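Every chain is numbered from 1, with letters handed out A, B, ... down the list of sequences. Here the structure is a predicted model, which means the values were calculated and not measured.
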Protein chains: 2
Amino acid sequence: MSPSPSSFPEQARTLGALLRLPYHRLSKRLYAEMAASGFGEIRPSHSVVFRHLSPEGSRLTDLAEVSGLTKQSMAYLVEYLAKHDYVTVAADPVDRRAKRVLLTKRGHVFMKALLAASSRLEDELGKKIGRTKLQNLRTALADLDEAIMTLPK
Amino acid sequence: MSPSPSSFPEQARTLGALLRLPYHRLSKRLYAEMAASGFGEIRPSHSVVFRHLSPEGSRLTDLAEVSGLTKQSMAYLVEYLAKHDYVTVAADPVDRRAKRVLLTKRGHVFMKALLAASSRLEDELGKKIGRTKLQNLRTALADLDEAIMTLPK
DNA sequence: ATAGTTAGTCAGATAGGCTGACTATATTGA
DNA sequence: TCAATATAGTCAGCCTATCTGACTAACTAT
């Protein structure tokens, strides 16, 4: 160890840091749990695919756009998930250029498990810090996000 | 556009999502502002270096450990920052194996600017969503982080 | 005087993005 | 009706942020 980690004057916890810390800890934990439940192939980056997949099947381009990635990046993620049987890629019935990405059975099981783990975790946290407080936190976070989005300039 | 982005049943905003969204938006904005102020070389990943640098100079290994990166990764970040004159790397006076990473003048200027931009941004957000609410949010986030850390298993 | 530990380096891998150039198919407007 | 343009997706290649493993130099405790 070094002398004394006499940190910088007012190493103030910025709002960014306050958001980042729990976020990273939470997702690390969540994906570790998923890995332990047999979904070890899924990495955090893949969640954007699940997050926006619509039940009728989504187009690659739409998925890419809504999640703010390029088509190429999305194709890469989808290919991986298809290889591991979480999604299938089918021809679009009405547009021969397009493909539709659909959840497989395994994909559905995974999504259910992820949501379940997430809400179980959140429940435990609610017990620790208080359900009301957690609920207020949720609301405040949503409001904050809204506020950042609508910031001028 | 696709048929209708009829999203999945209860595409519930998980706590993770609620943390992620404002975090990403905030840091994107902050680093864009830094780039606009002439600090375009600094990328978000570099902030871990600044975050833990102590005024007497920190050892690479200590920086790596406290920020949860490998020595190699930290060396890579520090080298980049040194190349762009944000830090200098000097021999450790008491241990000839070791090096000490120190902020340059430019490094100090950057840190000040980052902190200033961060608090200005936070101030604007306070005006939008209410200062008290924002303060409560800060506290709640810190508590949440604590709670996640001390979760069993 | 070593044996073991610690600080940092070198080489190479992987994941998660990106841009640019391209093909195939659709749409639109003269 | 067809040429021009737009859209869906692919191929190739790049960059960044990590990691692991193997190594050298130097320090520390017997």
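Between the P atom of D:dG9 and the CG atom of A:Asp62 lies a distance of 8 Å, rounded to the nearest Å. A straight line from CG of B:Leu60 to P of D:dA25 spans 18 Å, rounded to a whole angstrom. Taking atom CD1 of A:Ile42 as the reference point, atom C1' of C:dG16 lies 15 Å away to the nearest angstrom.
Comparing A:Gln72 and B:Lys71 along DNA chain C, the residue whose closest nucleotide (by nearest heavy atom) sits nearer the 5' end is B:Lys71. Map A:Arg97 and A:His46 each onto its nearest nucleotide of DNA chain C; the residue landing nearer the 5' end is A:His46.
At the heavy-atom level, A:Leu69 lies under 4.0 Å from the strands shown only through sugar-phosphate atoms. Note on A:Ser45: only backbone sugar-phosphate atoms sit closer than 4.0 angstrom, heavy atoms only; bases stay farther off. B:Asp92 comes within contact range of no nucleotide atom at all, as no heavy-atom separation falls under 4.0 Å. Within 4.0 Å of B:Thr61, counting heavy atoms only, lie sugar-phosphate atoms of the nucleic acid but no base atom.
Between C:dG8 and B:Arg59, no contact under 4.0 Å exists linking OP1 or OP2 to a side-chain N or O. Phosphate proximity of C:dT9 to B:Lys99: present, with a side-chain N or O under 4.0 Å from OP1 or OP2. Look at B:Arg96 and you won't find any side-chain N or O under 4.0 angstrom from OP1 or OP2 of C:dA7. Put simply, B:Thr70 has a side-chain N or O that comes within less than 4.0 Å of OP1 or OP2 on D:dC19.
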Given A:Arg59 and A:Glu65, is the salt bridge (Lys or Arg N to Asp or Glu O under 4.0 Å) satisfied, shown in steps? CA-CA 10 Å; A:Arg59 291 172 172 221; A:Glu65 177 167 357; over 6 Å; no

Quick one: do B:Arg29 and B:Glu33 satisfy salt bridge (Lys or Arg N to Asp or Glu O under 4.0 Å)? Show the steps, please. CA-CA 6 Å; B:Arg29 186 168 176 115; B:Glu33 284 188 24; 3.6 Å; yes

Going through the checks in order, is the salt bridge (Lys or Arg N to Asp or Glu O under 4.0 Å) test met by A:Glu41 and A:Arg106? CA-CA 12 Å; A:Glu41 311 100 335; A:Arg106 181 158 159 73; 3.0 Å; yes

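In terms of polar N and O atoms assigned as donor or acceptor, the side chain of B:Glu79 never comes within less than 3.5 Å of the base of C:dG8 in a complementary pairing.
Taking the six-membered ring for Trp and the full ring otherwise, the centers of B:His84 and B:Tyr80 sit less than 6.0 Å from each other.
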